[in-house]
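First up is the structure itself, then whatever we jot down about it.
Quick caveat: nothing in here was measured; it's all calculated off a predicted structure.
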Amino acid sequence: MKSDPEAKWVPEAKAPRLRRWLGRAKMHAALALANVAVNNDINKVAIEGRITPLVAVAASGTEEQKEYAAMALANIAVNANNKVAIRREGGIAPLVALAASGTEKQKEYAAMALAYLAVNANNKVAIAEAGGIAPLVALAALGTEKQKENAALVLADLAAGNANNKVAIAEAGGIAPLVALAVSGTEKQKENAARALAYLTVNANNQVAIAEAGGIAPLVALAASGMEKQKEYAARALANLTFDHANNKVVIAKSGGIAPLVALAASGTEKQKEYATQALANLAVNDNNQVAIAEFNGIAPLVALADSGTEEQKEYAALALANLAAGNANNEVAIAEAGGIAPLVALAASGTEKQKENAAQALADLAVNDNNQVAIAEAGGIAPLVALAASGTEKQMEYAALALANLAVNDNNQVAIAEAGGIAPLVALAASGTEEQKEYAALALAGLAGLAGLAGNANNKVAIAEAGGIAPLVALAASGTEEQKEYAALALAGLAGLAGLAGNANNKVAIAEAGGIAPLVALAASGTEKQMEYAALALANLAVNDNNQVAIAEAGGIAPLVALAASGTEKQKENAALALANLAFTANNQVAIAEAGGIAPLVALAA
């Protein structure tokens, strides 16, 4: 049988050898591309148009080709345009496949490539949709040291700014291995794990899961004695863990977290200070933590940051000071003594929107203290608070109204608030603000009119009425929240006043004409203890007017006043007796009081 005469010159192994050579060419080209892209931005850009063959090799090359293609893709993915191009050319799926079932080196480089790619928002979605989260969790748990390091970094990038990925990583079991790396990993593993945990903790369920997985103790340890980046990410994680989570606030404090956070707030890097301050602000919502932060000397660095920190530091420091002062008398004093009032006033005047809000909240809490009421006024705090009450955001208005309410306990401040134009915006808030704004505005107006309803500020009584304040206060007394009713009754008592004691005859008439007697009688009959007390005082002051004496009796006011005189609290008895005394100037009322059983309790009080 004849054969091709040329065949004898072609050895059998020639074609396979050529394919092996071509395979080595691909491998060497991939390796070369990987190497030339290292630390060379120009080459990263130059390779951008040659991504398609790299993706093809990563998907279906030999084992060595896949390894070097993954390395090349990792190196060029540092470039922002290349991140987009690799996804566009279909590079994510083969990288996920290598991370899931490649060789050890393929897994390592694929994880590195995915870490760079995951910085891009669209890539975060694409990696998750390609099934990338599960293999990355597996690498973080059981991979080599470099695989764990790279996988933790990818999980951090995937979780950053992507709510769905936060959930998916937790559901894939990612929290436990990340906590383990934070405990006993290499320095880079700890850093990347702390970063991942910081991003994951933005999710409420993850806050619980990380704590249950034992994540708080290692984060506290990293915040205390880790490397700089470890401290930063640990502080950020602790800040997120404490947001709106009461148990974590307790656990972090018990784990020794307050001292290192104070140290970072005092002398950390800018980011460490920012996150530590945020964490301290959240922790200070807890009463015991308020004490502990002060005992660890946390107030001074927070005041310093409120004064001269970055914008974010100022924002969180103001919030921390607000939370530290809330309901804690010692901290109210300590913050003032540390020089905290001046920077808070400055933030309320010209800070960012959140700085203004937090500073107004802090000043409101600090103004519970008598000395601080004077100091805030002397520091120029009234004008910016009035400005916020007039035209701030909803929360700024709310906290400014509360601050003005607390400041108005001071007689001089009552004058200063009125002179700064504070009455009109407070009346506006009482009329049409949010529920909290109405509540605090009513309290502020009560303070401006004279909290006791006796002496008070005569000019402010007139000014509040002229600003249209009586009608909204009557409305609040009739149908407001419990607190609104209480403060409105107090304000109406102050506006009416007693004859000869900075009382206001016109306001007595105006309150009655605005329909104020009926809701006050209702409060005296069945309100809370404070509502009864203030309603009785308001009725006492209104009853100086002859027509009001008749109107109160006709509204059924005598019976509840007799009941209060008989069995109320000491202040209720006092106010009810005064009301009955004023009502008794009318002959018919004398009879009605006696018929209602009023003589016996009045005799008892007189005894």
- Message: To the nearest 0.5 Å, what is the distance between NZ on K356 and OG on S350?
- Response: 7.5 Å
- Sub-3.5 Å donor-acceptor pair from the side chain of N240 to the main-chain atoms of V202, do we have one? no
- Sub-3.5 Å donor-acceptor pair from the side chain of Q207 to the main-chain atoms of F243, do we have one? yes
- Message: Would you say that V345 contacts L363 through its side chain, given a criterion of any heavy-atom pair below 4.5 Å between the two side chains?
- Response: yes
- CA sep, side-chain torsions, deciding dist, call: N205, V167, side chain to side chain contact (heavy atoms under 4.5 Å, CB included): CA-CA 8 Å; N205 291 331; V167 175; over 6 Å; no
- Yes or no on side chain to side chain contact (heavy atoms under 4.5 Å, CB included) for L448 and N457, after CA distance, side-chain angles and deciding distance? CA-CA 7 Å; L448 290 169; N457 185 294; over 6 Å; no
- Message: Would the distance check show the side chain of E394 and the main-chain N or O of T434 forming a donor-acceptor pair, the cut-off being under 3.5 Å?
- Response: no
- Item | Under 3.5 Å donor-acceptor, E466 side chain and A463 backbone | no
- Taking all atoms of both residues into account, what is the closest heavy-atom pair of A446 and Y487, and its distance? CB-O, 4.0 Å
- Check E398, E483, Q484 against E435 for a side-chain contact (heavy atoms from CB on, under 4.5 Å) and give me the one that passes. Q484
- Heavy-atom pair with the smallest gap, counting every atom of A565 and L580: CB-CD1, 4.1 Å
- Message: Measuring from atom OG1 of T277 to atom CG of L319, what distance do you get when rounded to the nearest 0.5 angstrom?
- Response: 10.5 Å
- Taking T201 for the side chain and A198 for the main chain, is one N or O donor matched with an acceptor at less than 3.5 Å? yes
- Working for side chain to side chain contact (heavy atoms under 4.5 Å, CB included), residues T528 and K485: CA-CA 9 Å; T528 65; K485 288 178 179 178; over 6 Å; no
- Task: Report the distance from atom CD1 of I335 to atom CD1 of I299, rounding to the nearest 0.5 Å.
- Result: 5.0 Å
- Note on the structure: Between the CG atom in N247 and the NE2 atom in H245, the distance rounded to the nearest 0.5 Å is 5.5 Å
- Residues K461 and N507: closest non-hydrogen pair is O-ND2, 3.2 Å
- Task: Taking side chain to side chain donor-acceptor pair (under 3.5 Å) as the test, write out the residues that go with E486, two or more places apart.
- Result: none
- Query: Within the distance-only criterion (no hydrogens, no angle test), does the side chain of N323 pair as donor or acceptor with the backbone N or O of A281 below 3.5 angstrom?
  - Reply: yes
- Item | Over all atoms of both residues, closest heavy-atom pair of A489 and A535 | CB-N, 4.1 Å
- If we only count heavy atoms from C-beta on, is the I210 to I216 side-chain gap below 4.5 Å? no
- Message: Holding to salt bridge (Lys or Arg N to Asp or Glu O under 4.0 Å), I want the full list of residues that pass it with K571, two or more places apart in sequence or in another chain.
- Response: E574
- Task: Return the minimal non-hydrogen interatomic distance between L564 and A576, and the atom names on each side.
- Result: CB-CB, 3.8 Å
Throw together a table of side-chain donor-acceptor distances under 3.5 angstrom for residues 366-375, partners on residues two or more places apart or in other chains.
residue, atom, partner, partner atom, Å
N369, OD1, N371, N, 2.9
N369, OD1, N372, N, 2.9
N372, ND2, E332, O, 3.1
N372, ND2, L366, O, 3.1
Q373, NE2, A367, O, 3.0
Q373, NE2, N406, O, 3.3

- Message: Between T586 and N589 (side chain of the first, backbone of the second, donor and acceptor by atom type, cut-off under 3.5 Å), is there such a pair?
- Response: no
- Item | Closest non-hydrogen atom pair between A276 and L261, with its separation | CB-O, 3.4 Å
